[in-house]
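Shown next, in structure tokens, is the structure this report addresses.
Each chain gets a letter, A, B and so on, in the order the sequences are listed, and its residues count up from 1.
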Amino acid sequence: MLQMRPLPSVVRFTKILGKVAKLKHYSAVISLYNQMGVSRIGHDVCTLTILINCYCHLNQMGLSLSVWGKFFKLGLEPNVFTFNTLINGFLLENRVVQAAGIFNKMIAGGNCQPNVVTYGTLVKGFCMKGNNRAAIQLLKKMEEGACKPDLVVYNTIIDSLCKDTLVDDALNLFSEMMCKGVAPNVITYTSLIHGVCKLGGWKEAIRLLNEMVSKNIYPNVRTFSVLVDTLCKEGMAVEAEGVVEMMIERDIQPDTVTYSSLMDCFCLRGETGKAKKIFGLMLSKGLMVNVVSYSTLINGYCKRKMMDEAMMLLREMSRKGLVPNTVTYNILVDGYCKVGKLGDAQKLFSEMQAYGQLPDVQTYAILLDGLCKN
DNA sequence: CTCGACCACG
């Protein structure tokens, strides 16, 4: 497209950026944008909004704001998408004050009023802060006002309540939502199933599964992964494997998350051999193995005090371009502490910082515990 | 052509 003459319009380029962004390849979008030779092709409100959204998802709010500045330099008017994107970006980084600032700018501006996505984003922000009460308060305001909550807003709160094991509240809200004529979808049911499973409500989970299918809403890979994970955490490895087989029979392909749950299951039972086999299966199926998959397996070896194998995996993931994170290092530091190799633990503690992975409160708790017990 | 909701690791 860059070599075509005349050059395709900015809209045609932006359509592609939008598609790539939808696939969550945010860095790719930025590099494509940079290759566009922006001055010749130009950019419009959509292009810049996509770009802001990519920086938001990469936790680069500084760069998001520099794109935001371009609007004014170019005399472009940010629209409701742009405002919503920025608010979401700040909330993702827990910067509530800045998010509120953008929200106020939006209202003050006059030509761009908050919509259901704006309020839904704020609801999510409250939920992320653990403030379900405020989220529900805002929901009530929406129900009474002109901007009625939609399925996404209800799902956000239902999921948050489930995560806080307030499943009864979630089920009540679920009924309320349906009374108001908002129909649930697979996401609603997956959150609820997750919630009841966490409380050991297997019967209730089966009831919800039957109910959703009776409404022609079908469980997907995420729904099944929740079931697999719950069975695993209950130590029911055989049953978990059974669910995975059921998925394959139904032509729902287990993904990286499904298999990582299963790996964790075997790791917790000390069956690292079986876990490693699943890891190999993932690779042979061409599934992405990511930092979490590696960390899960590393955790398995650490728990069995097999530190050499764990370290080999750490080096292997780095060779593949995967960046071990704080959780990965915490697992390993804990492993070394537990086998009494405090020197190695401290070496990793330095290494993680050298690689820009900052220790968190858990890292220090692990090290303190290790030092005290030795 | 642009925004918000569901699954795995310490």
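The side chain of A:Lys15 has B:dC1 as its nearest neighbour among B:dC9, B:dC1, B:dC3. Side-chain proximity of A:Asn84 to the nucleotides B:dC3, B:dC9, B:dC7 is greatest for B:dC3. Distance from the side chain of A:Thr49 is smallest for B:dT2 among the nucleotides B:dA8, B:dT2, B:dA5. Of the listed nucleotides (B:dC7, B:dG4, B:dC9), B:dC7 has the atom at the smallest distance from the side chain of A:Arg222. Residue A:Asn79 has its side chain nearest to B:dT2 when only B:dC9, B:dT2, B:dA5 are considered. The side chain of A:His194 lies closest to B:dA8, out of B:dC9, B:dA5, B:dA8. Checking B:dA8, B:dA5, B:dG4 against every side-chain atom of A:Asp229, the shortest atom distance belongs to B:dA8. Nearest nucleotide to the A:Val327 side chain, out of B:dA5, B:dC9, B:dG4: B:dC9. In the set B:dG4, B:dA5, B:dC1, B:dC1 carries the atom at the smallest distance from any side-chain atom of A:Val11. Closest to the side chain of A:Asn115, out of B:dC3, B:dC9, B:dG4, is B:dC3.
In this structure, A:Lys198 places its NZ atom 13 Å from C1' of B:dA8, rounding to the nearest Å. Atom pair A:Met263:CE and B:dC7:C1' shows a separation of 14 Å (rounding to whole Å applied). In this structure, A:Phe81 places its CZ atom 6 Å from C1' of B:dC3, rounding to the nearest Å. Regarding A:Asn220, its CG atom lies at a distance of 8 Å from the C1' atom of B:dC6, rounded to whole Å. Rounded to whole angstrom, the span from the NE2 atom of A:His57 across to the P atom of B:dA5 amounts to 7 Å. At whole-Å resolution of the value, CG in A:Leu262 and C1' in B:dC9 are 14 Å apart. Atom CD1 of A:Ile50 is separated from atom C1' of B:dT2 by 5 Å (rounded to the nearest Å). In this structure, the CG atom of A:Leu231 is 14 Å from the C1' atom of B:dA8, given to the nearest Å.
Side-chain contact check for A:Ser31 and A:Asn34: no donor-acceptor pair (N or O, by modelled atom type) lies under 3.5 Å. Side-chain atoms of A:Lys215 and A:Tyr189 include a donor-acceptor pair closer than 3.5 Å. Side-chain contact, A:Asn216 with A:Tyr218: a donor N or O sits under 3.5 Å from an acceptor N or O. A:Asn172 and A:Ser175 form no side-chain donor-acceptor contact under 3.5 Å, judged by distance and modelled atom types alone. No side-chain donor from either of A:Thr121 and A:Asn88 sits under 3.5 Å from a side-chain acceptor of the other. Inspection of the A:Asn115 and A:Thr118 side chains reveals an N or O donor paired with an N or O acceptor under 3.5 Å.
Put simply, the side chain of A:Ser260 and the base of B:dA8 share a donor and an acceptor less than 3.5 Å apart. The base of B:dC7 sits with one of its N or O atoms less than 3.5 Å from a complementary donor or acceptor on the side chain of A:Ser225. Side-chain atoms of A:Ser295 and base atoms of B:dC9 include a donor and an acceptor less than 3.5 Å apart.
Across all strands shown, A:Val291 has no heavy atoms under 4.0 Å from either base or sugar-phosphate atoms. As judged by a 4.0 angstrom heavy-atom cut-off over every strand, A:Val226 is placed among residues touching the sugar-phosphate backbone only. Looking at heavy-atom distances under 4.0 Å, A:Val228 makes no contact with the nucleic acid at all. Contact annotation for A:Asn325: no contact, since no heavy-atom pair falls under 4.0 Å across all strands. When heavy atoms are screened at a 4.0 angstrom cut-off, A:Asp159 is found touching the sugar-phosphate backbone but no base atom.
Dashed line: the shortest gap from a side-chain N or O of A:Lys22 to OP1 or OP2 of B:dC1 is not under 4.0 Å. Within the structure, a side-chain polar atom (N or O) of A:Lys124 is placed less than 4.0 Å from OP1 or OP2 of B:dA5. Of the side-chain N and O atoms in A:Lys163, one or more sit less than 4.0 angstrom from OP1 or OP2 of B:dC7.
When each of A:Tyr329, A:Tyr336, A:Tyr364 is tested with A:Phe349 by the rule ring-ring contact (aromatic ring centres under 6.0 Å, His included), just one qualifies, namely A:Tyr364.
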